[in-house]
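What follows is a set of notes on a single structure, which appears directly below.
Here the structure is a predicted model, which means the values were calculated and not measured. Just so it is clear, the values below take in all heavy atoms, side chains as well, and ignore hydrogens, waters and symmetry mates. Convention: sequence-line order gives letters A, B, ...; per-chain numbering from 1.
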Amino acid sequence: MEYNFREVENKWRKFWAESKTFAAIDESDKPKYYVLDMFPYPSGSGLHVGHPLGYIASDIFSRYKRLKGYNVLHPMGYDSFGLPAEQYAIQTGQHPKITTEQNIARYRDQLDKIGFSFDWDREVRTSSPEYYKWTQWIFKQLFNAYYDYDQDKAVALDELIAKLEVEGNVNINACTDHEETFSADQWNAFSDKEKEQILQNYRLAYLADSWVNWCPALGTVLANDEVVNGVSERGGHPVEQKLMRQWSMRIKAYAERLLTGLETVDWTDSIKDQQRNWIGKSQGASVFFQIESSNDKIEVFTTRPDTIYGVSFMVLAPEHPLVAEITTDEYKSEVEAYVKQAGLKSERDRQADVKNISGQFTGAYAVHPFNGEKVQIWIGDYVLASYGTGAVMAVPCGDQRDWDFATHFNIPIINIFKDIDVSEAAYTEKDAVIANSDFLNDLPAKKAIKLAIYEIEKRGFGKGKTQYRLRDAVFSRQRYWGEPFPVYYTDEIPQVVGDDQLPITLPEVDKYLPTEDGEPPLARAEKSAWNQFFGDRMEYNTMPGWAGSSWYFLRYMDPKNDSEFVAKDKVEYWQNVDLYIGGSEHATGHLLYSRFWTKFLYDMDYIPFEEPFQKMINQGMILGRSSFVYRVKGENKYVSFGLKEQYDTTPLHVDINLVENDILDIEAFKNLKNSAVDSSSIAEFILEDGKYICGHEVEKMSKSKWNVQTPDDLVEKFGADTLRMYEMFLGPLEQSKPWDTSGINGVHNFLRKFWRLFHDREGNVIIDQGAPSKDALKSLHKTIKKIEDDLERFAFNTGVSNFMICVNELNDQKCNNKEILEQLVILMSPYAPHICEELWVKLGNKAGTLSYAEFPKYNEEHLKEANYHYPVSFNGKMRFKLELPTELTPKEIEAEVLAQEQAQKWLEGKDPKKVIVVPGKIVNIVV
RNA sequence: GCCUGGGUGGCGGAAUUGGUAGACGCGCUGGAUUCAAAAUCCAGUUUCUUCGGGAGUGCGGGUUCGAUUCCCGCCCCAGGUACCA
């Protein structure tokens, strides 16, 4: 019987599902291991071969860990709230719930075919009320908490209120936007509304008017990480700045801990660096500059207080609140014109226009705090209102942007660096010695920074300060298909609903569009459409995509719990994720937000760890191979690849299913209806050798490029085990690589060869029950060692090669020994689980016991050889090999080698200068 | 510009601490089997060569008995980021 993968795979797929082979148990004497994949958004186009790459790797690792005696948690679910389903709903009127359910069913079907060992009883969907009940509950916890810097953790808001009632906010050291101080008496005299307005400045989830990224095309605000190069990440629509009342998350409070926590996790440097840059910590000082003949002061932030004597002007952002106030009458019209012009430019234009230096003098002067000199005050759009204080002290000798600005406007450049020429460019390194700077003279910059801060604080001009680039994250979206907030309004004061009222379910609406007054879609819901309705109205916004994904890894531990988001004993058993596999594109989104929520839940004592994902591997992208046809411009004529240079053509993507070995199926192409190409039957084709040859290019796999390869076709043709092994065989997991199916035959043939080790020509199982041969033991144990080492360092690709080598060797040895094959079956089962289950039973084992068998133990004894083939090199070049007993001493080896006739040939009669012998490795002779 | 990876045959890639460069697979060439094809099996496949051997892991140097691996300088590719004071 030949290897019938369809029969074998169907059988075991069914067996695993029915006997719940991979159900994880919440308590065990075994050590636990938690392997997690980034859960997918179930899109309408289904999975392509790039998606399961990471899932296959994590599945192999999960199966390996089970064999190694671990209690493995390996769940899967769906990040099922999101824009595409809603866009589809707007177009068709179909409820996004229905679209989402259909897509999930398709995903599940595709995932099942690949033979993953997920514990499906733990499946979560972020869009199900049973799940988002707890997303709402966590939101409530954030709403009812503030960040206390003295304890350096989040604390219940009740504690803050208790303090405010007794001592006001004077001694409160919290992360807040509230600047003014008030006493206990003042606090107690405030109305409820006033109190709430102040508390909003402390809450970790808060409502505030803030500048947000508004995307008119999507009709919603976006978080900073959802805006790429000034356009929306999804769809590439323009984004503008708008002042809106929005829910935000006070992630800023965690900036420092998000930074230091990175040192405790095993992630790639690239992702850690991206997070570090995103958090953007810089240390320096905030300094106040008195404005001449005014009571106002300008606060600046600088990382180089040591260069304060080099200040020759100041620059405010055009939006800075003091601009209008300080501008003299003489410059009023110019300044107003500049502010207006800067305001018209979008954030994107301003960023794109870096080389264009622009600015305007205000006519006002500040007083240098140390030497009392007059300092011109300018405005310029290279200073951003949103960073620091929106104002800078310009030190042209030490900052290139300031230097460019000074040079452009002919402002004097004061050199405060000893023996450094700043006539051509600023000197930005921190290794200079300070001069011309009174008390800082002759100090190296690093020491001068410390002394400058000390003096600034002593004289009361400012203080040392740490600044972060990280801004609070906007948490509301003006969309339908997301979690409703557990919030209602009374007299426009936001209130959270009681825990026993959760969840607030998504109400039905007549349309998934904003209302005519521009309110979000939920404003369309009738009062009766809400399952709970309180106050004057419910919150109309919904939560962003990252809400549900920020804590889903916790829910898998206890997915059906109706009274807690996760039971304490369960989270204490499973702890954090040991291995997380997913794409690196979530570096500053999901991966930062889930760290933030984890730290918060830790602070509130709900979970026992601070970092969600201990080790992470980012799988590379699988690239598609696109095919192209070349249309002659202005004509319905297509020219073959080799002849396209003779015409003026436009390359167009063509569906790769119509192309085989770069040859286009012209008939199928002509009959195409919904392709990117307009190809009516009257199209003309200019052929070469009677064929139409397509061009090709390697690029991202996507529907729009017509280069998508689905796993379904390949599973159908070669089977899941072949697909799993082939995806791993392509190359290192982390690297991006082109998808090319031509090699898949090789892997499939390997599995057939493996199958044949167990069968005779007629397909009867023939197993030798006797003692294994020495050679077979050697092949097996060599493989055990390699496979284990490779898996421990997540090198899944080399594992496949090693199985091939082993099967080739056993095949040459004509080995069908039970002991050998049984061990090999266990070893290979993480990679090719279906075929291995089948062979495991054929060897006489009980069905279903393979997944929890014992991983083979490597025994060095079997690799020991009496002889070793020494490679003999001359001057580092390998010349010949010599078989020698392994127990020889280096001296004996040297003598043996030099006695060889071949050695004499390479010595050419000379004496060797030196002979290096590394026993068991190499002999090198220096001539 | 800055940060992080990476550059090895026709292709995907291997070489784990400095020790036989090109494992394994694809493709290609030749052969066996077959009426034929598929499948299978065998041999070959970095390159140049006067068949002795020479060169060779992006380029140029260096350390070493020995470098794909370590150090210095450069080039190219991919991803990220960009007036952050």
Give A:Asp269 one of three labels, base, sugar-phosphate or nothing, depending on what nucleic acid heavy atoms sit under 4.0 Å from its own.
sugar-phosphate
Reckon A:Ser801 touches a base, only the sugar-phosphate, or nothing at all at heavy-atom distances under 4.0 Å?
base
Side chain to side chain donor-acceptor pair (under 3.5 Å) against A:Ser736, all qualifying residues, sequence neighbours excluded
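With neighbours one apart ignored, the set is empty.
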Conformer about C1'-N of B:G52 - syn within 90° of 0, anti elsewhere:
syn
For A:Trp403, enumerate each residue passing the ring pair (Phe, Tyr, Trp, His ring centres under 6.0 Å) test, keeping only those at least two apart in sequence or located in another chain.
none
Under 4.0 Å between a side-chain N or O of [X] and OP1 or OP2 of [N]?
X: A:Asn745; N: B:G27; value: no
X: A:Gln735; N: B:G13; value: yes
X: A:Arg471; N: B:C84; value: no
X: A:Lys914; N: B:C65; value: yes

Identify every side-chain donor-acceptor pair in residues 796-804 of chain A under 3.5 Å, counting partners at least two apart or on other chains, and give the distances.
from, atom 1, to, atom 2, distance (Å)
A:Thr798, OG1, A:Asp790, OD2, 2.9
A:Thr798, OG1, A:Ala795, O, 3.4
A:Asn802, ND2, A:Asp790, OD2, 3.1
A:Asn802, ND2, A:Thr798, O, 3.1

Give me the distances for all protein-to-nucleotides 40-46 of chain B N/O pairs that come in under 3.5 Å?
from, atom 1, to, atom 2, distance (Å)
B:U40, OP1, A:Asn749, OD1, 3.0
B:U40, OP1, A:Asn749, ND2, 3.3

Parsed dot-bracket for RNA chain B after applying the Watson-Crick and G-U rules with both distances under 3.5 Å and | for other-strand partners is (((((((..(((......[....)))((((((.......))))))(((....)))..(((((..]....))))))))))))....
Name the pairs: protein N/O against N/O of nucleotides 15-19 of chain B, kept only if under 3.5 Å.
from, atom 1, to, atom 2, distance (Å)
B:A15, OP1, A:Arg793, NH2, 3.4

Ring-plane angle category for A:Phe61 and A:Phe794, please: parallel below 30°, perpendicular beyond 60°, tilted otherwise.
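If you compare the ring of A:Phe61 with that of A:Phe794, the planes turn out tilted.
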